[in-house]
> 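First, the structure itself, so that you have it in front of you.
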Amino acid sequence: MIVDKAIYAGGTRHDIGGDIRDAFASARRDDDSFVWIGLFEPDEAEFQLVKDELELHPLAAEDAVRAHQRPKMERYDDTLFIVLKTLTYIDATSDIEVGEIMVFLGDDFVVTVRHGAGNPLGPVRGRLERDPGMLRHGATSVLYAVCDEVVDRYGVIAHEVEVDIIGLERAVFDPDARDVTADIYSLKREVLEFRGAEDPLVPVLQEIVKGRVPECAGTREYFRDVLDHLLRVDGQVDAHNELLNSVLTAHLALVSSRQNADMRKISAWAAIIAVPTAIAGIYGMNFDHMPELHWTWGYPAVLVVMATVITVLFRRLRKSGWL
């Protein structure tokens, strides 16, 4: 559905009262204006009017309706098609939900198509409308504002992931903590999903910053700032991934060490129990001629021997750390 629509001329918003065809025609007549149409999860019928009016490429229009694209920038005749991944962090589960924003950019129009709950563009539109100087740069100002909002959100989520990793580190080195292997793997999957959203966007912004996108020539310095922020986030995500690998390795090593300690204790107690078991087993055999079989003090002597050997073994094993 269409969330918002307006004509921007000279840095000022003008609402579209009638058919959007008239708005596009008006923007084409005025070199200083452009139309911004914002849509949220449109179906093919809803998007058909925009597609026909702007003569969008069928492949790009299909991507905009069906979503599930990787971040990219493609050119179809005089229209740029940019895909960005939006991220939403769920505090309760530490999950990262992925959405998409598609941007169709022309000389006198911008069409944004959003999928998923992440990064609503209402605040972006409001912020731009309070900055006429930025709006005077034309349609590319919208692309800059959208990229800036998406990348800033990446930074916030990178911090949330870092907090989760710190919590896992504490749990790993807590001797009374539960097994957190599944939690580490789950967070690692989220980090890899995070990387899949932000990493492909780096070359897209680099193309703009290097001046290879003529439409963005007047806003290159703004995109350079966005790229700097994105590269910082990219480094953080790489560091998070490496740190999770280290946390997992340390956790598995500690689990193995604790299991070995348990096995040593079991083996030590088995050795201690084996002594009286062996002696009792020998004297439990039904033979007439056995040493000390008819000795008056034989039974107490055997008990003393058992107790002495058990005590010596216990002290030696405890001293060596097995108990």
Side-chain angles (χ1 to χ4, degrees), residues 1-57 60-61 63-65 67 76-84 86 88 99-153 208 213-219 222-223 226:
M1 64 177 178
I2 295 178
V3 178
D4 201 352
K5 55 185 179 179
I7 298 177
Y8 296 88
T12 304
R13 173 186 174 121
H14 303 277
D15 290 329
I16 298 174
D19 197 305
I20 62 172
R21 291 189 180 91
D22 298 332
F24 285 124
S26 176
R28 294 187 184 106
R29 289 192 299 268
D30 187 355
D31 294 336
D32 192 33
S33 66
F34 67 92
V35 177
W36 180 3
I37 306 294
L39 300 100
F40 177 71
E41 297 183 353
D43 57 28
E44 292 184 8
E46 291 173 329
F47 197 69
Q48 189 66 39
L49 176 61
V50 175
K51 173 188 172 183
D52 293 343
E53 182 64 25
L54 299 178
E55 298 180 353
L56 300 178
H57 195 281
D63 289 346
V65 172
Y76 297 95
D77 298 325
D78 295 330
T79 301
L80 276 180
F81 177 58
I82 300 97
V83 178
L84 303 98
T86 63
T88 304
E100 292 178 31
I101 296 177
M102 285 85 164
V103 181
F104 294 88
L105 179 67
D107 291 335
D108 50 20
F109 69 87
V110 179
V111 176
T112 54
V113 182
R114 186 168 63 92
H115 292 265
N119 289 103
L121 297 180
V124 176
R125 189 185 288 264
R127 188 166 63 251
L128 270 177
E129 291 172 356
R130 293 190 296 271
D131 188 358
M134 176 58 69
L135 277 174
R136 289 191 183 96
H137 287 287
T140 59
S141 64
V142 176
L143 178 60
Y144 155 71
V146 172
C147 291
D148 186 52
E149 175 68 19
V150 169
V151 172
D152 283 348
R153 187 61 185 165
I208 297 174
V213 182
E215 292 88 343
C216 302
T219 50
Y222 296 101
F223 283 101
V226 177

> Measure across Gly106 and Ala139 and return the closest heavy-atom pair with its distance rounded to 0.1 Å.
O-CB, 3.6 Å
> Is it the case that the side chain of Arg114 and the backbone of Gly116 share a donor-acceptor pair, with hydrogens and angles ignored and the cut-off at 3.5 Å?
yes
> Working to the nearest 0.5 Å, report the span between CZ of Phe104 and CD1 of Ile82.
9.5 Å
> Roughly how far, to the nearest 0.5 Å, is the OG1 atom of Thr140 from the CE atom of Met134?
8.5 Å
> Could you walk me through whether Thr86 and Arg153 pass the side-chain contact (heavy atoms from CB on, under 4.5 Å) test, one step at a time?
CA-CA 8 Å; Thr86 63; Arg153 187 61 185 165; over 6 Å; no
> Do other residues, nucleotides or ligands put more than 12 heavy atoms under 6.0 Å from Asp152 CG?
yes
> Look at atom CG of Asp32 and say whether more than 12 heavy atoms of other residues, nucleotides or ligands are closer to it than 6.0 Å.
yes
> Please assess Tyr8 against Val142 for the test side-chain contact (heavy atoms from CB on, under 4.5 Å), listing each intermediate value before the final yes or no.
CA-CA 11 Å; Tyr8 296 88; Val142 176; over 6 Å; no
> Drop me the distance from Asp131's CG to Ser141's OG, to the nearest 0.5 angstrom.
8.5 Å
> So which heavy atom on Ala61 is nearest to which on Lys51, and how close?
CB-CD, 3.8 Å
> Tell me whether Asp43 at atom CG has more than 12 heavy atoms from other residues, nucleotides or ligands lying less than 6.0 Å away.
yes
> Rounded to the nearest 0.5 Å, what separation is found between the NE2 atom of His57 and the OG1 atom of Thr79?
10.5 Å
> Could you tell me which non-hydrogen atom of Glu46 sits nearest to which non-hydrogen atom of Glu41, and how far apart they are?
OE1-O, 4.2 Å
> Please find the pair of heavy atoms, one from Val124 and one from Ala145, that lie closest to each other, and give the distance.
CG1-CB, 3.5 Å
> Would you mind telling me which of Phe81, Phe47, Tyr76 makes a side-chain contact (heavy atoms from CB on, under 4.5 Å) with Leu56?
Phe47
> Val110 pairs by side-chain contact (heavy atoms from CB on, under 4.5 Å) with which of Ile37, Val103, Leu143, Leu80?
Val103
> Applying the side-chain contact (heavy atoms from CB on, under 4.5 Å) criterion to Leu39, which one of Val3, Val65, Val111, Leu121 satisfies it?
Val111
> Would Asp107 and Asp78 count as a side-chain contact (heavy atoms from CB on, under 4.5 Å) here? Give the steps.
CA-CA 8 Å; Asp107 291 335; Asp78 295 330; 5.7 Å; no
> Please report whether the ring centroid of Phe109 lies less than 6.0 Å from that of Phe34.
no
> How many angstroms lie between atom CG of Leu84 and atom CD of Glu149, to the nearest 0.5 angstrom?
11.5 Å
> Identify the two heavy atoms, one from Val113 and one from Ala64, that lie closest to each other, and give their separation to 0.1 Å.
CG1-O, 3.6 Å
> Could you grab the distance from atom NZ of Lys5 to atom CZ of Arg125, nearest 0.5 Å is fine?
11.0 Å
> Is it true that a side-chain atom of Glu53 and a backbone atom of Val50 form a donor plus acceptor pair closer than 3.5 Å?
no
> Less than 4.5 Å apart, side chain to side chain, heavy atoms only: is that true for Ile16 and Val35?
yes
> Check the angle between the aromatic planes of Phe223 and Tyr144 and answer parallel, tilted or perpendicular using the 30° and 60° thresholds.
perpendicular
> If you count the non-hydrogen atoms of other residues, nucleotides and ligands that lie under 6.0 Å from CD in Gln48, is the total more than 12?
yes
> Does Val146 form a side-chain contact (heavy atoms from CB on, under 4.5 Å) with Ile101? I'd like the steps, not just the answer.
CA-CA 9 Å; Val146 172; Ile101 296 177; 4.0 Å; yes
> Verify the ring-centre separation between His137 and Tyr222: is it less than 6.0 angstrom?
yes
> For Ala117 and Pro120, which heavy atoms make the closest approach, and how far apart are they?
O-CD, 3.8 Å
